[in-house]
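This report concerns only the one structure given below.
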Amino acid sequence: MMNLELKLRLDKLEKHSKDSEILREVESTRKTALRLLEEERYADAFERTVEGLRLLRTFSDFESEEFGAMLVALLFDLAQIHYANKDFKQAERHLETLFKVLSRLIARDEERFGPFHILAMELSTKILRSRRKTLDVLAKQQAVTYQLLSKVNSGVSAATDRLVDSLRKTAQLLTATGEYRSALKFYAEAIKYSKRRSGKVTRKEVKMTIEMAEIMMRIRAMRPRAVRLLNAILPHAIALETIELEEDILALLEVIQSDVEQEPRWKAFLHRLSHPRGSERKKGEPGVDEVAVRASRAVSAKNSK
């Protein structure tokens, strides 16, 4: 896991002010999210990071350098969570917003924020390479899936377990490439064959259903369906006494509910950050690419001393 180490300069804020308290609370929330990420509890890590963003939105000054620094750190964490969860397209989207915010911070303080840019570029490169590799694997995986499907349909029952795993793997690869609707179709088939094989709802079916709901969350029109799906599978998770899966379900329900309630504000919030006042660049002001180059040079020069 790549860690963007953030050292806040709270001395720039009024002591014991509301803004100072907000940053401390967000910093604590972020530490919890990173710990959950290390434990591979991605749904919980995602929920805590989104909670940190909600808290940060109550900050009084969006132009503050410390606000920007914390926002960049949270966006980087979100990209990391999606990358770890092999959703490369979603990770790229968060990095796009991150680079827009970071470019303005670098223009103000290259030495402080230059390393952030380099770390984000490293993650971006890893995501790009992973996505290309995923596309290659996907083509081979789909061929295997169709072969197994043919065997099962021909009455070879022993191939069912392998087919379920293959369908699920294909769905995960499609998710990684951003083909969400296609992924949902493969998940539905995997769950259908898995239930047919076991004759009951097992931990595997619960886990795959949660993975389906995570994909539905990314498609606005399907969020109500994701809620119904999670509510339907929650009693099965409780009956199986799988505390980890119960927590994942509850975390996802919390995220969906909060997103639905706050969506208009979120859009305005992110739009304002990506397109600040006077978004047209002033004459002579460096652009995003130029700022990035200058930052990289500044960090390299510092390291060479």
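Just so it is clear, the structure is predicted and the values come from calculations on it, not from any experiment.
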Problem - Arg218 NZ/CZ over Tyr180 ring centroid, <6.0 Å and within 45° of normal - result: yes
Practice item. Take Leu78 and Leu74, measure what side chain to side chain contact (heavy atoms under 4.5 Å, CB included) needs, and give me the verdict at the end. Key: CA-CA 6 Å; Leu78 276 178; Leu74 291 175; 5.9 Å; no
Next on the checklist: Would you say the ring centers of Phe99 and His117 fall short of 6.0 Å from each other?
Outcome noted: yes
Sub-4.5 Å side-chain heavy-atom contact between Leu123 and Ile127: yes
The complete set of salt bridge (Lys or Arg N to Asp or Glu O under 4.0 Å) pairs with one or both residues in residues 66-85, sequence neighbours excluded, reads Arg30-Asp77, Glu66-Arg112
- Message: Is the shortest side-chain heavy-atom distance between Glu51 and Glu254 below 4.5 Å?
- Response: no
How about CZ on Arg35, more than 12 heavy atoms from neighbouring residues, nucleotides or ligands closer than 6.0 Å, or not?
yes
In terms of the angle between their ring planes, are Phe62 and Phe67 parallel, tilted or perpendicular, with boundaries placed at 30° and 60°? parallel
Quick one: are Leu245 and Asp248 in side-chain contact, heavy atoms under 4.5 Å? yes
Query raised in the report: Is there side-chain contact between Thr32 and Asp44, with heavy atoms separated by less than 4.5 Å?
Result: no
Item to complete: For the residue pair Phe186 and Tyr146, categorise the inter-ring angle as parallel (less than 30°), tilted (30 to 60°) or perpendicular (more than 60°).
Response: tilted
Quick check: are there more than 12 heavy atoms from other residues, nucleotides or ligands sitting under 6.0 Å from NZ of Lys192?
yes
Q. Just checking, is any N or O donor in the side chain of Glu205 or Thr202 under 3.5 Å from an acceptor N or O on the other one?
A. yes
task: Kindly indicate, with the supporting measurements, whether the criterion side chain to side chain contact (heavy atoms under 4.5 Å, CB included) is fulfilled by Asp19 and Ile22.
output: CA-CA 5 Å; Asp19 282 345; Ile22 289 170; 4.1 Å; yes
Using the side chain to side chain contact (heavy atoms under 4.5 Å, CB included) rule, take Tyr187 and Gln172 through it: C-alpha gap first, then chi angles, then the decisive distance, then the call. CA-CA 9 Å; Tyr187 267 120; Gln172 291 170 341; 3.3 Å; yes
| Can you check whether Ala237's main-chain N or O pairs, donor with acceptor, with Thr242's side chain at less than 3.5 Å? | yes
When you compare the side chain of Leu4 with that of Val72, does any pair of heavy atoms fall below 4.5 Å? yes
Margin query: Is there a path of hydrophobic side-chain contacts, each under 4.5 Å between heavy atoms, that joins Leu36 and Leu55?
Written below: no
Sorted by chain and residue number, the salt bridge (charged side-chain N to carboxylate O under 4.0 Å, His left out) partners of Lys204 (sequence neighbours excluded) come out as Asp165
Review point. Just checking, any donor-acceptor pair under 3.5 angstrom between side chains of Arg24 and Ser28?
Key: no
Check your understanding: Has the side chain of Thr125 got a donor or acceptor atom that lies under 3.5 Å from a matching backbone atom of Met121?
Key -> yes
Walk me through whether Glu211 and Ile215 qualify under side chain to side chain contact (heavy atoms under 4.5 Å, CB included). CA-CA 7 Å; Glu211 291 170 3; Ile215 297 172; 5.8 Å; no
| task | For Gln141 and Ser166, test the side chains for any donor-to-acceptor distance below 3.5 angstrom and give the result as yes or no. | result | yes
Atom CZ of residue position Arg129 - does it have more than 12 heavy atoms of other residues, nucleotides or ligands inside 6.0 Å? no
| Does CZ belonging to Arg196 count more than 12 external heavy atoms closer than 6.0 Å? | yes
